[in-house]
Number of protein chains: 2
Amino acid sequence: MTVRRGKKRANLRDVARAAEVSVATVSRVLNTPDVVQAETRRRVEAAMAELHFVRSAAARAINTGRSKILGALIPTLDNAIFASTIDAIESRLGDFGLSLVVATTGEDPEVEARKAQGLLDIGVEGLFLSGITHHDTLHALIEHTAVPAVVISYYDANYHLPTIGYDNREAGRIALAHLVGLGHRRIAVVHNPAEHNDRTRERLAGFESAPADVVLTRFESALTVAGGARAAAMALASGAPFDAFLCASDVQALGVLFELQRAGIAVPEAVSVMGLHDLPSAAVTAPRLSTVHLPAEEMGRRAAEAMADWVENEVPARPICLPTALKIRESTRRRGG
Amino acid sequence: MTVRRGKKRANLRDVARAAEVSVATVSRVLNTPDVVQAETRRRVEAAMAELHFVRSAAARAINTGRSKILGALIPTLDNAIFASTIDAIESRLGDFGLSLVVATTGEDPEVEARKAQGLLDIGVEGLFLSGITHHDTLHALIEHTAVPAVVISYYDANYHLPTIGYDNREAGRIALAHLVGLGHRRIAVVHNPAEHNDRTRERLAGFESAPADVVLTRFESALTVAGGARAAAMALASGAPFDAFLCASDVQALGVLFELQRAGIAVPEAVSVMGLHDLPSAAVTAPRLSTVHLPAEEMGRRAAEAMADWVENEVPARPICLPTALKIRESTRRRGG
DNA sequence: GTGAAAGCGCTAACAC
DNA sequence: GTGTTAGCGCTTTCAC
């Protein structure tokens with residue numbers, strides 16, 4: 001069934017007829033205007049305006065083999081973590097005339113594989129993936145369709161797909177080292193479930209670089225502000241004394257900050273709190289959050305550029321490792337200092 | 001598995017040839033499987049699997065006139081405000097086999113109009129718009145193309161496009177009334193620029209419902225946590241005494257909370273802080289934020305459903321006004337109480 | 001139940 | 001510079 005909404009819209013032939021030229025000429029003013037005589041072009045443009053002509057993306061795509069649409073698979077949008085990256089990807093892609101459709105996976109590999117199929121069904125030319133942990137089906141899909149795919153938020157030069165991100169383990173190490181350097185020994189580690197999340201797994205591995213006299217106690221909860229608060233409450237309820245809270249993400253660190261304040265525990269006087277990510281709001285909390293900066297925005301931009309180069313010029317993306325940086329603010333202090 | 005030579009992927013004809021049937025039959029097993037004889041269908045399905053057949057969305061779209069893609073124009077993704085709504089839209093749309101491509105406008109009407117054109121160029125079947133303030137070009141575009149468009153985050157039954165949202169002015173009124181009912185008279189209003197933002201404008205209008213003896217002083221800054229903090233700092237620096245901070249959005253309220261804490265001003269003992277939106281984290285702050293709940297998620301769901309009904313069954317969306325609700329938590333208290 | 005064939009709206013040779 | 005025309009991959013009558 002062909003759906004006709006209101007007045008059927010004008011097509012190339014209609015414009016050609018109105019401008020008294022051939023469809024080829026109309027197509028030319030659309031694609032290579034400078035090759036058309038000025039006067040002819042003017043007539044065609046007038047006709048297009050008159051008829052409110054909008055070229056059919058589908059027909060265009062079927063001929064060029066290009067949809068100009070890319071797909072991104074991310075765990076969730078409802079969380080500041082991916083927002084700035086997606087924002088950067090979308091914005092940079094726009095500079096190349098490319099669009100982005102984002103699909104959320106809820107961190108479920110099966111959902112991810114299913115949505116990837118859906119993305120391919122609508123004709124995306126390339127895929128942005130988060131991390132390297134994926135369902136076999138997705139891997140097979142990428143291999144069979146040979147669709148350009150780049151991994152973000154993770155760096156591993158040896159992965160079979162190009163990774164454009166940062167070294168999560170190193171970031172974890174830096175955060176841990178900062179705390180240890182401050183003399184903290186009894187550390188509460190707050191993190192989200194790592195089962196399907198390799199970024200978290202790597203950060204936790206980085207935390208494990210602690211010297212033998214440092215005691216790490218893990219508290220796991222959801223990757224939300226509320227989750228962080230809950231984890232802090234669990235740590236407090238455990239009765240164990242902690243010098244510092246080390247969070248696998250700023251989002252949870254925010255929750256930890258709130259919960260400690262609620263409990264009347266002064267940060268950083270009584271306990272230090274360390275984040276990891278450097279969300280925009282991390283610089284504004286009270287106290288301002290010490291954290292490890294992750295170049296989320298630049299990563300998005302670089303990933304978009306690499307993808308554009310891939311789909312436009314057939315240059316496959318290459319791994320990029322972006323540097324992270326320690327941000328010492330107010331939420332961490334020398335033990336007993 | 002047969003590896004195809006060249007980069008060309010299998011098409012209907014290839015599958016038909018492999019299964020020794022006609023393209024029509026292959027098309028049938030794709031669209032109306034039950035009308036095909038079981039054995040034939042089995043052969044076709046085997047051939048499709050063997051060739052890793054993926055039907056071309058473009059070719060499909062050109063025939064059906066349907067792209068199954070919708071577009072959303074939102075100010076930004078880098079801000080919790082739209083995230084849950086977009087998340088809900090995307091998710092609900094998925095239930096109807098529809099995809100979403102989101103474009104960010106940075107709250108610039110010209111950018112919005114340009115991106116809307118871009119969305120139409122890639123063939124979206126419908127548009128989600130934020131608020132009712134748009135560039136003339138966009139209005140003209142919507143009228144000429146007759147593309148289904150629904151407005152979210154706003155409610156106005158008389159607007160020429162269906163609005164699915166809430167009454168921002170009423171929400172503002174509720175927030176203000178709560179503060180006034182608590183005995184507050186000197187109120188610092190923290191808000192983002194309202195120039196291109198009718199939601200904000202309406203909320204401010206709601207604030208103006210204050211009795212004559214209430215004094216409202218406005219502090220404008222960016223719609224971010226940092227912006228809220230900055231506005232609070234300005235209010236504090238002004239030297240004027242305030243009973244309460246009334247924020248046009250929770251995002252800014254978070255910043256206000258942080259700044260007040262930094263300044264050593266107890267909330268709600270010394271001053272009340274009122275938000276508007278009820279972000280997930282509002283329930284976790286210290287103190288927990290009193291606010292007016294905006295049904296962001298339900299709005300996204302309802303908007304998606306209305307849009308699906310529109311593009312699938314040609315029933316135009318109708319305005320929906322979702323109720324807001326006062327959430328009294330810990331950040332507001334009776335004056336001197 | 002299945003096949004043949006006519007398009008859908010556009011691009012890209014190739015001709016003039 | 002411009003026109004003619006053959007497809008692109010699929011859906012959809014309409015025969016059989």
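Chain letters run A, B, ... following the sequence lines, proteins first and then strands; every chain starts at 1.
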K.L.:
Whole-Å distance between dT2(D) P and R43(A) CZ?
P.N.:
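Going from CZ in R43(A) over to P in dT2(D) covers 8 Å.
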
K.L.:
Using atom CG of L12(A) as one end and atom C1' of dT11(C) as the other, report the distance to the nearest whole Å.
P.N.:
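Result: 9 Å.
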
K.L.:
Whole angstroms only, please: what is the CG-C1' distance between D14(A) and dC8(C)?
P.N.:
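Spelled out: CG on D14(A) to C1' on dC8(C) is 13 Å.
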
K.L.:
Could you check whether S27(A) and N31(A), counting side-chain N and O atoms only, form a donor-acceptor pair closer than 3.5 Å?
P.N.:
yes

K.L.:
Does a donor on one side chain and an acceptor on the other come within less than 3.5 Å for H135(A) and E112(A)?
P.N.:
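Per modelled atom types, H135(A) and E112(A) side chains form no pair under 3.5 Å.
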
K.L.:
Are the side chain of N313(B) and the backbone of V315(B) linked by a donor-acceptor contact shorter than 3.5 Å?
P.N.:
no

K.L.:
Please determine whether a side-chain nitrogen or oxygen atom of R60(B) lies at a distance below 4.0 Å from atom OP1 or OP2 of dT11(D).
P.N.:
yes

K.L.:
Look at the side chain of S56(B) and decide which nucleotide, out of dT2(D), dC10(D), dC10(C), has an atom nearest to it.
P.N.:
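Closest of the options to the side chain of S56(B): dC10(D).
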
K.L.:
Using the 3.5 Å cut-off, write out each protein N or O paired with an N or O of nucleotides 4-7 of chain C and the distance between them.
P.N.:
from: dG7(C); atom 1: N2; to: N63(B); atom 2: OD1; distance (Å): 2.6

K.L.:
Is there side-chain contact between L138(B) and D136(B), with at least one heavy-atom pair below 4.5 Å?
P.N.:
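The answer is no; the side chains never approach within 4.5 Å.
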
K.L.:
Calculate the interatomic distance between R17(B) atom CZ and dT2(C) atom C1'; express it in whole Å.
P.N.:
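So the two atoms are 18 Å apart, to the nearest Å.
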
K.L.:
Looking only at heavy atoms, what is the nearest atom pair of G71(B) and L100(B), with distance?
P.N.:
C-CD2, 3.9 Å

K.L.:
What's the closest nucleotide to the side chain of L30(B) if the choices are dA12(C), dT11(D), dC10(C)?
P.N.:
dT11(D)

K.L.:
If the cut-off is 4.0 Å, is T64(A) near the phosphate of dC10(C), judged by side-chain N/O to OP1 or OP2?
P.N.:
no

K.L.:
Under 30°, 30 to 60°, or over 60°: which ring-plane class applies to H139(A) and H134(A), parallel, tilted or perpendicular?
P.N.:
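H139(A) and H134(A): perpendicular rings.
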
K.L.:
Would you tell me if any nitrogen or oxygen in the side chain of R13(A) comes within less than 4.0 Å of OP1 or OP2 on dC8(C)?
P.N.:
yes

K.L.:
Please state how far atom CG in D34(A) lies from atom C1' in dG1(D), giving the value in whole angstrom units.
P.N.:
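My rounded result for the distance is 13 Å.
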
K.L.:
What is the bend of the helix from dG1(C)-dC16(D) to dC16(C)-dG1(D) when you compare the axis at one end with the axis at the other, using five pairs each and rounding to 10°?
P.N.:
30°

K.L.:
Taking only the side-chain heavy atoms of A59(B) (C-beta and beyond), determine which of dG9(D), dT11(C), dT2(D) contains the nearest atom.
P.N.:
dG9(D)

K.L.:
Would E110(B) and R114(B) satisfy salt bridge (Lys or Arg N to Asp or Glu O under 4.0 Å), going step by step from the backbone distance to the final call?
P.N.:
CA-CA 6 Å; E110(B) 283 189 40; R114(B) 194 159 43 65; over 6 Å; no

K.L.:
Does any pair with a residue in residues 93-108 of chain B pass salt bridge (charged side-chain N to carboxylate O under 4.0 Å, His left out), and if so which ones, sequence neighbours excluded?
P.N.:
R92(B)-D95(B)

K.L.:
Answer yes if the side chains of T163(A) and D156(A) hold a donor-acceptor pair under 3.5 Å, and no otherwise.
P.N.:
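No pair is found: no donor N or O on one side chain lies under 3.5 Å from an acceptor on the other.
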
K.L.:
Output the single nucleotide from dG1(C), dT11(C), dG9(D) whose closest atom is nearest the side chain of R55(A).
P.N.:
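Of the candidates, dT11(C) comes closest.
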
K.L.:
What heavy-atom pair brings A317(A) and W310(A) nearest, and what distance separates the two atoms?
P.N.:
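Taking A317(A) first and W310(A) second, the nearest heavy atoms are N-CE3, 3.4 Å.
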
K.L.:
For N31(B) and dT11(D), is the shortest distance between a side-chain N/O and OP1 or OP2 below 4.0 Å?
P.N.:
yes

K.L.:
Round to the nearest Å and state the distance from M48(A) atom CE to dC10(C) atom P.
P.N.:
11 Å

K.L.:
Whole-Å distance between dT11(D) C1' and I62(A) CD1?
P.N.:
11 Å

K.L.:
Whole-Å distance between dC8(C) C1' and R9(A) CZ?
P.N.:
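R9(A) atom CZ is separated from dC8(C) atom C1' by 12 Å.
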
K.L.:
Looking at the side chain of T25(A), which of dT12(D), dG3(C), dG3(D) is the nearest nucleotide?
P.N.:
dG3(D)

K.L.:
Base, sugar-phosphate, or nothing for V36(B), non-hydrogen atoms under 4.0 angstrom?
P.N.:
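If one applies the 4.0 Å heavy-atom cut-off, V36(B) turns out to touch the sugar-phosphate alone, with no base involved.
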
